[in-house]
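Labels below follow one simple rule: chain letters A, B, ... track the order of the sequence lines, proteins then strands, and each chain is numbered from 1. The shown structure was predicted, so the numbers you read here are calculated from the model rather than taken from an experiment.
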There are 2 protein chains.
Amino acid sequence: MSQPVALNLAAVIVAVTEGQPRVLTVTGPDGRPAIPSGPLSDDDSTLERALRHWIRDQAGIEVGYVEQLYTFGDRDRGFTAGWRNVAVGYLALVHEAAPSPGAAWLDCYELLPWEDQRTGPPPSFDASIQPALAAWVSDDPDRANRVAAVFGDAPGFDGIRVLDRYELLYEAALVAESYADHGVAVPDDLPGSTAMLGDHRRIVATALGRLRGKLTYRPLVFELLPDEFTLLELQTTVEALAGVQLHKQNFRRLVERNRLVEGTGQRADSTGGRPAELFRFRPDVILERPRPGLGVPYR
Amino acid sequence: MSQPVALNLAAVIVAVTEGQPRVLTVTGPDGRPAIPSGPLSDDDSTLERALRHWIRDQAGIEVGYVEQLYTFGDRDRGFTAGWRNVAVGYLALVHEAAPSPGAAWLDCYELLPWEDQRTGPPPSFDASIQPALAAWVSDDPDRANRVAAVFGDAPGFDGIRVLDRYELLYEAALVAESYADHGVAVPDDLPGSTAMLGDHRRIVATALGRLRGKLTYRPLVFELLPDEFTLLELQTTVEALAGVQLHKQNFRRLVERNRLVEGTGQRADSTGGRPAELFRFRPDVILERPRPGLGVPYR
DNA sequence: CCCTTTATGCTCTATATGAGCATTACTAGA
DNA sequence: TCTAGTAATGCTCATATAGAGCATAAAGGG
């Protein structure tokens, strides 16, 4: 009655470089990018240890912060016939985009272009997705509410609902996986977003949503930054992840009021303009405030 | 090299009755309460469907809202020797505490008494846990920060950190599982909290934390209430889950400003005092506001 | 010395939150 | 009928926070 379970640990390994969030990818069997995944070894007493274990072995990367995301076990996520393929997805943050053999850093917003709202809706959204969604809605007006709810014209674009948006686009047949999953040829007039192996783009969407959510109440950004940074670097990193632009002075005020950082007294040899003070994360904040983070707005 | 994986779906089924949050439990092999769990059947295409399937079959309960929580796979969570026992934990909300054969509703705060701060710290906390924690801290002053961070003397008790608190108490050997997990006899001077089978209390703690967190930005409470309710019933239910008391007038203001409910024009035949208007959930709010919920404070 | 660029300090307003006072509409019982 | 008890409901006030913008400072390059 019961297929055996093949359990894998899949990792969305995130770094932010040059103001862009990136995920580590390997090349999947069909040539499409895939997130790395590895086995649950009997040697490791916990799932998280097993994850760190194979990431170290395979990619040579020592990840810092690790958090379990979600377990994916749909029957059709078949990589091994005769088995129920289950993956436990993890989010892992690393300080710098170290290159590793066979792996490449892929821009998050190549995978999910509509999530980058830093300079307003991205060109591909206005040009292709928006009209295609409008057409999809006109087929069934009840869909209008759902589109509005996640892409939010009036009420606002809620940064954390990354997965909801991906799933809506999937349902509206606006991502490559909508076709690939059913063995149908992918049309070539699709909005230009990079597809991934199997349900891996879903897993990345889950990761980005979780990361955005946690940013606001946990000091996760500092896992992605060097030890010392300027406030602009901090802001740029937050903006990169949140996908929205922030008001500089207000961001500074927020960070200082919440006592998330402390000045080092050092100045950064600036790239242009007045030199900025270098700051470092103040770990004690975790003990002082119940939910230390940067309350990113998301409208 | 690899043990076979035994995968189960475990459900924390929550209802709120008479102002108390309760979880559905069955009797475990050792007589201790356990949360119900069932198999991942090949007939079910998704994990969630499999979960609903066996809950319907076994408990005769049709659950409403269902959300995946976390996957537990520590090597020592052994129920079946020779297998890696993995459980995917789910949170499920039901409207009413329907009785079911072989199952019983257990008060959440019997399992986690320290989480009920509605009338201040509960007696058992001040009487036993607080002093025991103080002793534990005096063994190693570095622990003081950790205790303060989760039980929050100065900074505040953060409602969502349920799991952190349970894990701290586990480490401080203040819950029965600290002993049972190592096959040691449980001392009888432990603070009076009900233990569960294996890591089930951890799973319940995870569920309560998640539920508390989501309350603030998703209209989950209404999954636990009847179709029509008074604002006091709504408030009482929120307080029960959040474990804190709320200011009545401000709560009403919040609910009305956010347009979460609409009046029915009917009045409740009151149990005492002026009759209250009956309200119902306004589902459209999900489409109007990006994050509709009751921003519970948690200090 | 002027211009560009970024850092940093400060203000003003709208809104949200926390706390409390006051009044109203019922029930139960003297 | 009058009185007390219990909630419901309306309103105010102080404080905190978020959003937006003005102004000045400190660097480098022509």
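Side chain A:Arg253 to base C:dG9: no donor-acceptor pair is found below 3.5 Å. Between the side chain of B:Arg252 and the base of D:dG10, no donor-acceptor pair under 3.5 Å is found.
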Using side-chain contact (heavy atoms from CB on, under 4.5 Å), reason through A:Arg291 and B:Arg161 one step at a time and then give a plain yes or no.
CA-CA 10 Å; A:Arg291 317 179 78 167; B:Arg161 303 184 69 167; over 6 Å; no
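Computed from coordinates, the B:Gln235 CD to D:dA8 P distance equals 9 Å when rounded to whole Å. The nearest whole Å value for the distance from the CG atom in A:Leu294 to the P atom in D:dA18 is 11 Å. Here the C1' atom of nucleotide C:dA7 and the CD atom of A:Gln266 are 17 Å apart, to the nearest Å. One atom, NZ of B:Lys248, and another, C1' of C:dG18, lie 17 Å apart when rounded to the nearest Å. The distance from atom CG of B:Leu246 to atom P of C:dA19 is 11 Å, rounded to the nearest whole Å. Atom-to-atom, CZ of B:Phe251 to C1' of D:dG10 comes out at 18 Å; the value is rounded to the nearest Å. Rounded to whole Å, the distance from CG on A:Leu234 to P on C:dT6 is 17 Å. Rounding to whole angstrom units, CG of residue A:Asn250 and P of C:dT11 are separated by 15 Å.
For B:Arg212 (side chain) and B:Gly159 (main-chain N/O), a donor-acceptor pair under 3.5 Å exists by modelled atom type. A donor-acceptor contact shorter than 3.5 Å is absent between the side chain of B:Glu167 and the backbone of B:Asp164. Side-chain N or O atoms of B:Glu67 include none that pairs as donor or acceptor with a backbone N or O of B:Tyr90 at under 3.5 Å. In this structure, B:Arg252 contributes its side chain and B:Leu231 its backbone to no donor-acceptor pair below 3.5 Å.
The ring pair (Phe, Tyr, Trp, His ring centres under 6.0 Å) pairs that include a residue from residues 252-283 of chain A are A:Phe222-A:Phe281, where partners are two or more places apart or lie in different chains. For residues 232-263 of chain A, the set of pairs meeting the ring pair (Phe, Tyr, Trp, His ring centres under 6.0 Å) definition, not counting sequence neighbours, is empty.
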Using a cut-off of 4.0 Å between protein heavy atoms and nucleotide atoms, how would you tag nucleotides 21-30 of chain C 5' to 3' with B, S and -?
B--BBB----
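Comparing A:Leu254 and B:Leu232 against DNA chain D, the residue whose closest nucleotide sits nearer the 5' end is B:Leu232.
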